[in-house]
Amino acid sequence: MRTAFVIGAGLVGTSAALALTARGVDVRLSDQDDSAARTAAALGAGSAVPPEETVDLVIVAVPPAHVAATLADAMARGLGRGYLDVASVKGGPRRDLEALGCDLSGYVGTHPMAGRERSGPLAATEDLFEGRPWVLTPTAATDTEVLNLALELVALCGGVPVVMDADAHDRAVALVSHTPQLISSMVAARLEKAEDSAVRLCGQGILDVTRIAGSEPAMWMDILSANPGPVADVLADIAADLGSTVEALRALQSADDAKRHDGAAAVQDVLVRGRAGRAKVPGKHGAAPKVYEDVAVLIGDQPGELARLFADAGAAGVNIEDVRIEHSTAQQAGLVHLFVEPRSAPVLAAALRDRAWSLRP
């Protein structure tokens with residue numbers, strides 16, 4: 001791939017443009033908001049000057065509702081040898097293109113499974129897709145050359161190609177992406193009118209559950225409006241679990257031993273099934289999930305402390321598999337959880353104590 005035209009200079013479009021430009025591809029940028037295209041260009045994502053000749057690949061990075069119309073216009077103008085979109089839903093845009101009478105041989109739908117809570121070109125990064133699944137949904141009509149261009153794009157951006165049926169993709173993302181966003185927002189909405197005394201008790205659990213609730217509502221309205229059926233199906237199943245769990249918790253308040261027993265069994269069933277489902281989530285680098293040991297270290301809130309901790313861990317010859325930080329609400333300190341291989345935990349703990357770090361059980 002020598003040339004590309006990115007239509008839509010938001011987070012995903014600009015990130016793809018940054019990755020392509022860094023690898024020597026001549027990238028041109030366009031956006032309905034000219035200032036977004038100019039900002040992306042200023043960040044080094046390419047040029048905001050329209051292409052003078054047909055490009056190798058046109059990348060449409062606009063909201064799902066506008067994908068088909070944007071692609072149809074680009075195809076009618078003959079802007080590229082191949083066309084793809086990066087929208088988070090795939091079945092609807094494909095059917096819209098069919099309804100518009102477009103030739104689908106030059107098109108493949110794609111969806112990089114990467115993003116951030118922030119949007120726009122200023123949130124873009126060259127490595128946004130590094131190591132992340134990038135779904136491709138070719139049809140029987142997709143030309144081999146176009147599919148190869150899409151695969152080259154994924155490789156240049158550092159993604160991992162995954163081929164799926166478009167509608168299967170939409171059901172999958174409803175389960176693993178779109179519904180979690182709504183659930184996170186629903187939990188966070190409980191905090192809006194909560195007493196300050198209650199909110200001050202927030203710990204790591206509520207931070208984990210509500211992190212994605214900070215995402216841009218307008219962006220998510222675009223996504224959810226394009227995939228409402230599959231999301232509603234998942235929510236209906238959750239609503240059934242929620243209803244039965246409410247009844248079970250009420251039963252735990254009963255004076256009847258049998259009702260309390262049944263209630264406890266129902267609540268435990270949800271917790272057990274939840275743990276089993278969590279265990280299926282891929283671990284590091286997409287491998288099977290592993291159990292790591294937690295080495296918890298008390299750290300002061302001063303510049304350089306976290307770097308010093310990591311340096312001391314590195315000096316001990318221990319690889320940090322994951323990290324989590326809990327911030328204290330009462331003092332300028334925090335608890336850093338270093339997750340390591342179980343056999344490495346005693347080595348790390350001893351090394352950190354030798355370097356005067358304070359560890360917590």
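This is a predicted model, so every value here is computed, not measured.
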Checklist entry - What is the minimum heavy-atom distance between A188 and A213, and which atoms define it? => result CB-CB, 3.7 Å
Checklist outcome for this item: Taking every heavy atom of I223 against every heavy atom of V89, the minimum-distance pair comes out as O-CG1, 4.3 Å
Checklist entry - How about P138 and V163: do any of their side-chain heavy atoms sit closer than 4.5 Å? => result yes
Checklist entry - Does R28 use its side chain to pair, donor to acceptor, with the backbone of P50 at less than 3.5 Å? => result yes
Item to check | For Y83, all residues meeting ring pair (Phe, Tyr, Trp, His ring centres under 6.0 Å), sequence neighbours excluded | outcome: none
Checklist entry - Got a sec, which pairs hit side chain to side chain donor-acceptor pair (under 3.5 Å) with one end in residues 154-167, sequence neighbours left out? => result R95-D167
Next on the checklist: According to side chain to side chain donor-acceptor pair (under 3.5 Å), does anything in residues 233-256 pair up with another residue at least two apart or in another chain? List the pairs.
Outcome noted: D241-R273
Checklist entry - Taking D31 for the side chain and A36 for the main chain, is one N or O donor matched with an acceptor at less than 3.5 Å? => result no
Next on the checklist: Using the rule that Ile, Leu, Val, Met, Phe, Trp and Tyr join whenever any side-chain heavy atoms are under 4.5 Å apart, tell me whether L249 and L271 fall into a single cluster.
Outcome noted: yes
Item to check | E126 and R23, any side-chain heavy atoms less than 4.5 Å apart | outcome: yes
Which donor-acceptor pairs under 3.5 Å do side chains of residues 104-114 form with protein atoms, sequence neighbours excluded?
residue: S105; atom: OG; partner: D103; partner atom: OD1; Å: 2.8
residue: S105; atom: OG; partner: D103; partner atom: OD2; Å: 3.0
residue: Y107; atom: OH; partner: D85; partner atom: OD1; Å: 2.5
residue: T110; atom: OG1; partner: D85; partner atom: O; Å: 2.7
residue: T110; atom: OG1; partner: W134; partner atom: NE1; Å: 3.1
residue: H111; atom: ND1; partner: H169; partner atom: NE2; Å: 2.8

Next on the checklist: Is there a side-chain contact between R94 and T137 in this structure, where contact means two heavy atoms from C-beta onward sitting under 4.5 Å apart?
Outcome noted: no
Checklist entry - Does the side chain of L338 reach to within under 4.5 Å of the side chain of V297, using non-hydrogen atoms? => result yes
Residues 345-359 side chain polar contacts: donor-acceptor under 3.5 Å, at least two apart:
residue: R355; atom: NH1; partner: A351; partner atom: O; Å: 3.2
residue: W357; atom: NE1; partner: D312; partner atom: OD2; Å: 2.8
residue: S358; atom: OG; partner: R360; partner atom: NH1; Å: 2.8

Checklist entry - Just by modelled atom types, is the A255 backbone N or O under 3.5 Å from a matching donor or acceptor in the R260 side chain? => result yes
Next on the checklist: Nearest 0.5 Å, please: how far is OG1 in T70 from CD in Q32?
Outcome noted: 8.5 Å
Item to check | V231 and P228, any side-chain heavy atoms less than 4.5 Å apart | outcome: no
Checklist entry - Got V340 and Y292 here, is their nearest side-chain heavy-atom distance under 4.5 Å? => result no
Next on the checklist: Measuring only between side-chain heavy atoms, which start at C-beta, is T144 closer than 4.5 Å to N148?
Outcome noted: yes
Item to check | Nearest heavy-atom neighbours spanning P64 and P93 | outcome: O-CG, 4.4 Å
Checklist entry - Can you tell me if S185 and Q181 form a side-chain donor-acceptor pair at under 3.5 Å? => result yes
Item to check | Donor-acceptor pair, side chain of D56 and main chain of M1, under 3.5 angstrom | outcome: no
Pairs of donor and acceptor atoms involving the side chains of residues 7-15, under 3.5 Å and at least two apart or interchain, shall be tabulated with distances.
residue: T14; atom: OG1; partner: A9; partner atom: O; Å: 3.1
residue: T14; atom: OG1; partner: G10; partner atom: O; Å: 2.8
residue: S15; atom: OG; partner: L11; partner atom: O; Å: 2.7
residue: S15; atom: OG; partner: T125; partner atom: N; Å: 3.1
residue: S15; atom: OG; partner: T125; partner atom: O; Å: 3.3

Item to check | Heavy-atom pair of closest approach, residues I320 and A313 | outcome: CD1-CB, 4.0 Å
